[in-house]
There are 2 protein chains.
Amino acid sequence: MLHEEVVGRIRAILLDGEIPPGARIPERELCERLEISRTPLREALKVLAAEGLVQLLPHRGSRAAKLTDKDMRDLFEVCQGLEALAGELACERITDAEIDEIAAAHADMVRHYSEGDLIQYYRGNRAIHEAIVTAAGNPALTSLYASVTARIRRARYVTPMTPQRWALAVKEHEAILNALQRRDGVGLAHILRAHLRHKREEVLQAGFAETEGNDVTLRIA
Amino acid sequence: MLHEEVVGRIRAILLDGEIPPGARIPERELCERLEISRTPLREALKVLAAEGLVQLLPHRGSRAAKLTDKDMRDLFEVCQGLEALAGELACERITDAEIDEIAAAHADMVRHYSEGDLIQYYRGNRAIHEAIVTAAGNPALTSLYASVTARIRRARYVTPMTPQRWALAVKEHEAILNALQRRDGVGLAHILRAHLRHKREEVLQAGFAETEGNDVTLRIA
DNA sequence: TTTTGCATTTTTGAATGCAAAATCTGCGAT
DNA sequence: ATCGCAGATTTTGCATTCAAAAATGCAAAA
């Protein structure tokens with residue numbers, strides 16, 4: 001198994017919440033499960049620690065990182081900046097074909113909305129945001145975005161929504177698609193910022209930060 | 001020696017250009033120099049690879065990362081986004097004391113400019129940009145900014161400038177300080193973006209990308 | 001019953017050793 | 001002289017081993 005694969009598998013385990021935020025990461029167990037020795041596992045944990053997904057405590061092992069309200073707010077703020085930038089760049093560089101794909105993904109997502117399927121809705125939602133970032137044609141931005149969103153993914157794409165908020169989100173996505181089709185970079189940036197600000201408020205209001213005694217895993221189970 | 005210290009020392013070696021972009025990283029030598037064994041060194045290299053400073057080639061060791069023109073452009077673009085965001089946030093949150101410090105740093109920098117001391121000028125310049133980012137009060141943003149700027153630092157803070165460009169840069173910095181003092185977030189974001197766009201043009205025009213046969217180390221020596 | 005001090009156990013962090021892969025070297029063929 | 005190839009050498013990646021630090025358990029004292 002390649003180094004990158006090890007990192008990816010552990011990242012998936014963390015993002016799935018299989019090891020919940022704050023929990024200790026059982027080195028020996030993971031070694032057995034991935035059928036590797038401690039050396040490559042520890043290399044991967046150090047990388048994930050640099051990404052912010054793992055917290056290393058010297059001489060006390062590693063834990064799945066836990067985000068405070070402040071952390072969450074900060075990361076959403078950065079995410080807003082990155083998506084706004086991506087939106088502006090995407091409007092300059094996106095191809096008609098890419099726009100069509102996003103439009104199709106949007107239609108799909110709206111369908112899931114009208115069917116009340118939150119899981120599928122979120123899946124489509126995420127695909128759209130990622131497609132916009134990809135369309136910016138800036139791999140450095142894409143990978144930074146990936147690492148930031150990974151840390152807030154569970155909060156962002158798992159929080160339950162009230163019907164009002166959900167309806168608003170869908171409306172905002174209409175505007176997002178519209179701005180893209182008009183290639184209105186500044187407008188798109190504004191909408192994306194507002195969209196994420198609303199999502200952030202939602203998440204924080206729901207008390208979704210991964211603080212002590214606030215286990216996301218249980219909530220979404 | 002602690003893990004973070006190892007990472008820091010190697011990062012410094014790379015940023016100083018002691019191991020020039022594209023050059024192989026001599027594992028054994030570094031081990032001896034840092035007086036550690038290969039295990040912690042390799043852990044650090046994996047982390048630096050995740051940061052983009054090191055390129056890992058499976059079964060072929062690691063090299064100091066080399067940036068193409070496109071990489072450089074992309075990173076500057078992201079940096080623009082991050083600094084613009086930081087500027088907006090800083091205007092909301094910066095204290096009067098912090099503004100005074102930045103004003104002092106600015107005055108210092110202008111003095112170095114009038115003395116023609118490019119090195120000191122760049123040092124002050126960097127301090128100002130970093131202070132603005134810090135004033136945004138968002139550690140997630142700060143650390144992301146640090147990792148992005150690290151990759152373009154040598155290009156950004158080493159490129160020689162024509163008198164015209166230097167004068168323009170100083171003018172822009174006047175405007176930056178002014179916007180900060182007026183706490184004009186939107187204005188500051190605009191100026192910062194333009195400032196960085198100019199710097200990027202400078203760097204790319206100077207052919208400063210770390211491509212084959214384009215060794216930055218030699219140029220600045 | 002609770003707390004404190006000590007010995008034991010467990011776990012972490014790093015060095016070493018080993019097998020596989022890549023690179024280098026030298027020799028012969030064209 | 002150059003190219004190609006077989007063997008030797010080096011380097012990489014990982015498993016194992018070893019020492020140090022922390023956690024745990026237990027007994028004795030308050």
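Please read all numbers here as calculations on a predicted model, not as lab measurements.
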* Asked: How are the rings of His129(A) and His195(A) set to each other: parallel, tilted or perpendicular (split at 30° and 60°)?
  -> parallel
* Please work out which of the three classes, parallel, tilted or perpendicular, describes the rings of His106(A) and His173(A), given edges at 30° and 60°. => parallel
Looking at [options], which one has an atom nearest to any side-chain atom of [X]?
| X | options | result |
| --- | --- | --- |
| Ile36(B) | dT12(C), dT12(D), dA15(C) | dA15(C) |
| Pro40(A) | dT12(D), dC14(D), dT12(C) | dC14(D) |
| His59(B) | dA14(C), dT12(C), dA21(C) | dA21(C) |
| Thr39(A) | dT12(D), dG13(C), dA15(D) | dA15(D) |

Rounded to whole Å, how long is the line connecting atom [atom1] of [X] with atom [atom2] of [N]?
| X | N | atom1 | atom2 | value |
| --- | --- | --- | --- | --- |
| Glu32(A) | dA15(D) | CD | C1' | 14 Å |
| Met1(A) | dA20(C) | CE | P | 18 Å |
| Arg60(A) | dT11(C) | CZ | P | 15 Å |
| Arg38(A) | dT16(C) | CZ | C1' | 14 Å |
| Glu43(A) | dA15(C) | CD | C1' | 14 Å |
| Ile25(B) | dT11(D) | CD1 | C1' | 14 Å |
| Glu5(B) | dG13(C) | CD | C1' | 15 Å |

* Asked: Under a cut-off of 3.5 Å for both distances of each Watson-Crick or G-U pair, what dot-bracket string does DNA chain D give, using [ ] for crossing pairs and | for inter-strand pairs?
  -> ||||||||||||||||||||||||||||||
* Sidechain-backbone polar pair: Lys46(B) side chain, Val47(A) backbone, donor-acceptor under 3.5 Å -> no
* Tyr121(A): what forms a ring-ring contact (aromatic ring centres under 6.0 Å, His included) with it, not counting sequence neighbours? -> Trp166(A)
